[in-house]
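Working notes, beginning with the structure itself.
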Amino acid sequence: MNIVNKLTLRRLRENKGRSVVTTLGIIVSVAMITAVFAAFSSFLNFAGEISLLTNGNQHFTASELSQQQISLLKKDSRIKNISLYSTKQSFVPDGQTAGRGNTGFIFAGDETALKNFINSEYEGTIPENENQIAVEKSYITDNGLNWKIGDTVKICLGTRYYEADGEIQEINTNHYILGENFEKSQTREYKVTAILNDNPGTNGFSVVTRLNGEEMKGALNAGIILSQVNSKSLDEIKDIISEYKIENYNISTDYFQTVFAADDNSIVMSMLPLIAILLAIIIAASVALIYNAFGMSFSENVKYFGMLASVGATKNQKKNSVYFEGLILGAIGIPIGIAAGIAGIAVTLKSIGYKILENGMITGVSETNTVFKTVVPAWALCIIVILSVITIFISAYIPSKKSVKNNSD
């Protein structure tokens, strides 16, 4: 360490009060920058988790897979697990006619599918065979049914259709279509083993049951979860789809776009202008705050610069002494500021998240199936450090120029 830097360190120790004030300014600045990125990435992560939850905890789905495709996918190391399911015949409760709110398709899945798709609180036990069902509580209430756990109920199975231009069109969507009709093919009895509390994962399927042995041998739909999830997962999914010649599929792009900022991310891009404005305001205010602290340092140390000149310090050495001061104080203030920013936003987001989940602002999402986590990824930390360094550099730049000018005088 050269003599100029040693003198700078001694001056910082001798002027502890001012050094503390400057460091506090840096801490406040870094904490505010950190809060912006922590809030931004945490909200994106929360949105991604909700997207995954409402899609049945699956990274992508594949429809009408053959048994050979299913067997190969299960052996693929890139895949963590596969949930198999189908949508059985459409239904209405026995004694009712098809109408808005009481018709749809029965969701039937294997054990893994039911574990992944049923992610809300529920009473009772999940169906273990094709003769048992789980029913959404809201479906029972909205249709005036008196179904309870342990009851054996009758459900009419059949086909939903509507007429368009004189032709019969079969309905393949789970949602009600105005003017639709229902043609009954059979009436079956099921035992109610569970009542679900607004389960988001089944995507509107009000009745859930298990696949039977025969159904497990045919073509099935699959919900697939990857072994490792990162920003490259979308490319990995596309490779899997191509490799196994999967024709019908649906990728949970919202999850990857929000959590990992992957692909063509309109969500992130739409938020960038607001983030840029907030950061510009924070950096401008921070520069003014920290610059004043460095300005105080300069005014208090005119004699110090003269002393440096007397020992042969050049203009660059005097200018670098101010930068060195910023480096030392920044090395202390940046880590503390990042920690303070994360801690502060964690408390804030926990409070906001608690209110969102407690008040049921998002249907089917509660504290039992999701958590509003504070997330600060590596890319965010890198940007925080870079912006903090730039802020400190700008704040020290003007005093360093003045120190050189003073030397000239």
Side-chain angles (χ1 to χ4, degrees), residues 52-58 61-65 67 70 74 81-96 101-143 145-160 174-175 184-225 363-366 368-369:
L52 193 64
L53 190 69
T54 54
N55 285 326
N57 289 317
Q58 52 195 356
T61 61
S63 304
E64 300 177 357
L65 292 180
Q67 288 297 309
I70 292 170
K74 285 184 175 180
N81 70 41
I82 298 177
S83 55
L84 302 175
Y85 62 94
S86 71
T87 52
K88 285 191 173 184
Q89 289 176 291
S90 54
F91 74 97
V92 294
D94 188 35
Q96 295 192 15
N102 72 342
T103 189
F105 289 92
I106 295 179
F107 177 89
D110 63 2
E111 182 180 2
T112 304
L114 266 58
K115 284 182 178 178
N116 287 343
F117 280 60
I118 297 176
N119 42 45
S120 67
E121 291 182 328
Y122 61 87
E123 302 170 29
T125 58
I126 299 303
E128 296 179 350
N129 58 59
E130 69 274 17
N131 298 314
Q132 299 177 347
I133 56 173
V135 187
E136 281 202 338
K137 185 176 182 179
S138 59
Y139 180 81
I140 295 173
T141 304
D142 293 345
N143 289 286
L145 301 172
N146 193 28
W147 293 358
K148 300 183 296 296
I149 294 174
D151 286 353
T152 298
V153 300
K154 290 183 179 181
I155 292 178
C156 298
L157 303 178
T159 304
R160 296 165 58 203
N174 194 49
H175 303 290
K184 183 176 74 172
S185 61
Q186 63 172 310
T187 300
R188 276 201 60 180
E189 290 186 344
Y190 293 94
K191 182 179 180 180
V192 179
T193 62
I195 296 178
L196 312 176
N197 293 327
D198 295 324
N199 181 68
T202 49
N203 287 313
F205 290 98
S206 303
V207 178
V208 178
T209 188
R210 283 286 289 272
L211 289 167
N212 62 38
E214 285 301 314
E215 290 168 333
M216 288 292 291
K217 296 177 183 178
L220 291 167
N221 303 327
I224 299 169
I225 297 178
T363 303
V365 178
S366 66
T368 61
N369 53 28

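Values below: all heavy atoms of this structure, side chains included; hydrogens, waters and symmetry mates excluded. We're numbering straight along the sequence, starting at 1.
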Problem set entry | Closest non-hydrogen atom pair between Ile106 and Thr209, with its separation | CG2-CG2, 3.7 Å
For this session: Work out which heavy atom in Ala134 is nearest to a heavy atom in Pro127; give both atom names and the distance.
Result: N-CG, 3.5 Å
Problem set entry | salt bridge (Lys or Arg N to Asp or Glu O under 4.0 Å) partners of Asp142, counting only residues at least two apart | none
For this session: Report the residues that fulfil side-chain hydrogen bond (donor to acceptor under 3.5 Å, both in side chains) with Thr141, sequence neighbours left out, ordered by chain and then residue number.
Result: none
Problem set entry | Considering all heavy atoms, the nearest Thr103-Phe91 contact | OG1-O, 3.2 Å
Problem set entry | Derivation and outcome, side-chain contact (heavy atoms from CB on, under 4.5 Å), residues Phe107 and Ile118 | CA-CA 11 Å; Phe107 177 89; Ile118 297 176; over 6 Å; no
Problem set entry | Ser63 OG to Leu65 CG distance, which is reported to the nearest 0.5 Å | 7.5 Å
Exercise. Could you give the distance from OG (Ser138) to CG (Asn143), rounded to the nearest 0.5 Å?
Worked result: 9.0 Å
Exercise. Quick one: OG1 on Thr193 to CD1 on Ile149, what's the gap to the nearest 0.5 Å?
Worked result: 8.0 Å
Problem set entry | Between OG1 on residue Thr187 and CG on residue Leu157, distance to nearest 0.5 Å | 7.5 Å
Let me have the donor-acceptor pairs involving side chains of residues 211-225, under 3.5 Å, with sequence neighbours excluded, atom names and distances please.
from, atom 1, to, atom 2, distance (Å)
Asn212, OD1, Glu214, N, 3.1
Asn212, OD1, Glu215, N, 2.8
Glu215, OE1, Asn212, N, 2.9
Asn221, OD1, Glu64, N, 3.1

For this session: Give the C-alpha distance, both sets of side-chain angles, the deciding distance and a yes or no for side-chain contact (heavy atoms from CB on, under 4.5 Å) between Ile133 and Val192.
Result: CA-CA 5 Å; Ile133 56 173; Val192 179; 4.1 Å; yes
For this session: Evaluate the criterion side-chain contact (heavy atoms from CB on, under 4.5 Å) for residue pair Val208 and Tyr122; output intermediate values, then yes/no.
Result: CA-CA 13 Å; Val208 178; Tyr122 61 87; over 6 Å; no
For this session: Taking all non-hydrogen atoms of both residues into account, name the closest pair between Tyr190 and Glu130 and its distance.
Result: CE2-O, 3.3 Å
Problem set entry | Spatial distance of atom CD (Glu123) from atom NZ (Lys148) [nearest 0.5 Å] | 12.5 Å
Exercise. Can you name the closest pair of heavy atoms from Ser83 and Phe117 and give their distance?
Worked result: OG-CE1, 3.9 Å
Seminar exercise, completed: Heavy-atom nearest pair, Gly158 first then Ser185, reads CA-OG, 3.6 Å
Exercise. CD/Glu128 to CZ/Arg210 distance, rounded to the nearest 0.5 angstrom?
Worked result: 7.5 Å
Problem set entry | Non-neighbouring partners of Lys115 that pass salt bridge (Lys or Arg N to Asp or Glu O under 4.0 Å), sequence neighbours left out | Glu111
Exercise. For Arg188, which residues count as a side-chain hydrogen bond (donor to acceptor under 3.5 Å, both in side chains) partner, sequence neighbours excluded?
Worked result: Asn131
Exercise. Less than 4.5 Å apart, any side-chain heavy atom of Pro93 and any of Trp147?
Worked result: yes
Problem set entry | Residues in salt bridge (Lys or Arg N to Asp or Glu O under 4.0 Å) contact with Lys74, at least two apart in sequence or another chain | none
For this session: Please test Gln58 against Asn116 for side-chain contact (heavy atoms from CB on, under 4.5 Å), starting from the C-alpha separation and ending with a verdict.
Result: CA-CA 8 Å; Gln58 52 195 356; Asn116 287 343; over 6 Å; no
